Amino acid sequence: MTFKYYAVMQGEVVDKSNSLTNLMNRMDEYVHSMPSNMGNVYIVTGKKNPLIVKEYDMFDDKWYANSNRYNDIFSLRIIFE
């Protein structure tokens with residue numbers, strides 16, 4: 001099944017959904033249950049050249065809008081299953 005949004009941490013897809021709101025809510029719960037030393041969470045759309053839609057900053061504990069291409073910022077490519 002193809003999903004519209006993918007939650008990515010350190011180049012690995014940790015969750016996916018067709019609803020941005022539902023995915024953001026699930027990732028809020030996920031990051032608050034994990035240690036605070038983890039990296040940021042990125043919600044991307046598209047597989048070939050993923051566009052970052054939202055970024056969760058672990059330090060500020062909030063979501064930010066983002067419109068960068070994941071592959072332009074990170075050398076580590078996303079692993080889609």
Side-chain angles (χ1 to χ4, degrees):
M1 182 173 185
T2 303
F3 293 95
K4 187 170 182 179
Y5 299 105
Y6 300 88
V8 178
M9 291 181 65
Q10 300 169 344
E12 189 174 326
V13 174
V14 292
D15 202 354
K16 48 197 165 209
S17 178
N18 285 319
S19 168
L20 179 59
T21 305
N22 287 345
L23 186 55
M24 287 173 61
N25 290 339
R26 286 199 307 264
M27 292 314 298
D28 277 336
E29 292 176 18
Y30 181 77
V31 296
H32 287 108
S33 69
M34 301 300 283
S36 60
N37 61 353
M38 294 175 27
N40 291 355
V41 177
Y42 299 92
I43 295 183
V44 302
T45 185
K47 286 186 174 182
K48 188 174 183 182
N49 191 9
L51 175 68
I52 300 172
V53 179
K54 293 283 187 179
E55 174 183 358
Y56 184 83
D57 189 329
M58 294 293 285
F59 183 72
D60 290 337
D61 193 29
K62 61 182 177 179
W63 288 99
Y64 293 101
N66 196 327
S67 60
N68 294 310
R69 295 283 175 185
Y70 190 90
N71 296 342
D72 291 346
I73 298 173
F74 300 100
S75 59
L76 182 64
R77 299 293 186 223
I78 298 172
I79 302 167
F80 291 101
E81 296 176 0

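Quick note: residue numbers are just sequence positions, from 1. Atom set for the values below is all heavy atoms of this structure, side chains included, hydrogens, waters and symmetry mates excluded. Just so it is clear, the structure is predicted and the values come from calculations on it, not from any experiment.
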Practice task
Taking all non-hydrogen atoms of both residues into account, name the closest pair between L23 and A7 and its distance.
Solution key: CD2-N, 3.9 Å

Problem - Atom pair OH (Y42) and CD (Q10), whose distance is rounded to the nearest 0.5 Å - result: 10.0 Å

Kindly list each side-chain donor-acceptor pair under 3.5 angstrom involving residues 49-56, sequence neighbours excluded, with atom names and distances?
from : atom 1 : to  : atom 2 : distance (Å)
E55  : OE1    : N66 : ND2    : 3.1
E55  : OE2    : N40 : ND2    : 3.0
Y56  : OH     : H32 : NE2    : 3.4
Y56  : OH     : D61 : OD1    : 2.0

Problem - Within residues 22-34 or reaching into it, pairs that qualify as salt bridge (Lys or Arg N to Asp or Glu O under 4.0 Å) - sequence neighbours excluded - result: D15-R26

Practice task
Taking salt bridge (Lys or Arg N to Asp or Glu O under 4.0 Å) as the test, write out the residues that go with R69, two or more places apart.
Solution key: none

Completion exercise
Those residues at least two apart in sequence (or on a different chain) that pass side-chain contact (heavy atoms from CB on, under 4.5 Å) with S67 are none

Completion exercise
Across all chains, not counting sequence neighbours, the side chain to side chain donor-acceptor pair (under 3.5 Å) partners of Y30 are none

Problem - side chain to side chain donor-acceptor pair (under 3.5 Å) against D60, all qualifying residues, sequence neighbours excluded - result: Y64

Handout entry: Which atom of M27 lies closest to which atom of V41, heavy atoms considered
Key = CE-CG1, 3.9 Å

Exercise for the section: Group every Ile, Leu, Val, Met, Phe, Trp and Tyr by side-chain heavy-atom contacts under 4.5 Å, then state whether Y6 and L76 land in the same group. Expected result: no

Practice task
Please answer whether the main-chain N or O of K62 pairs with a side-chain N or O of D57 as donor and acceptor at a distance below 3.5 Å.
Solution key: no

Problem - Reported CG-to-CZ distance for the pair N71 and R77, which is rounded to 0.5 angstrom - result: 4.0 Å

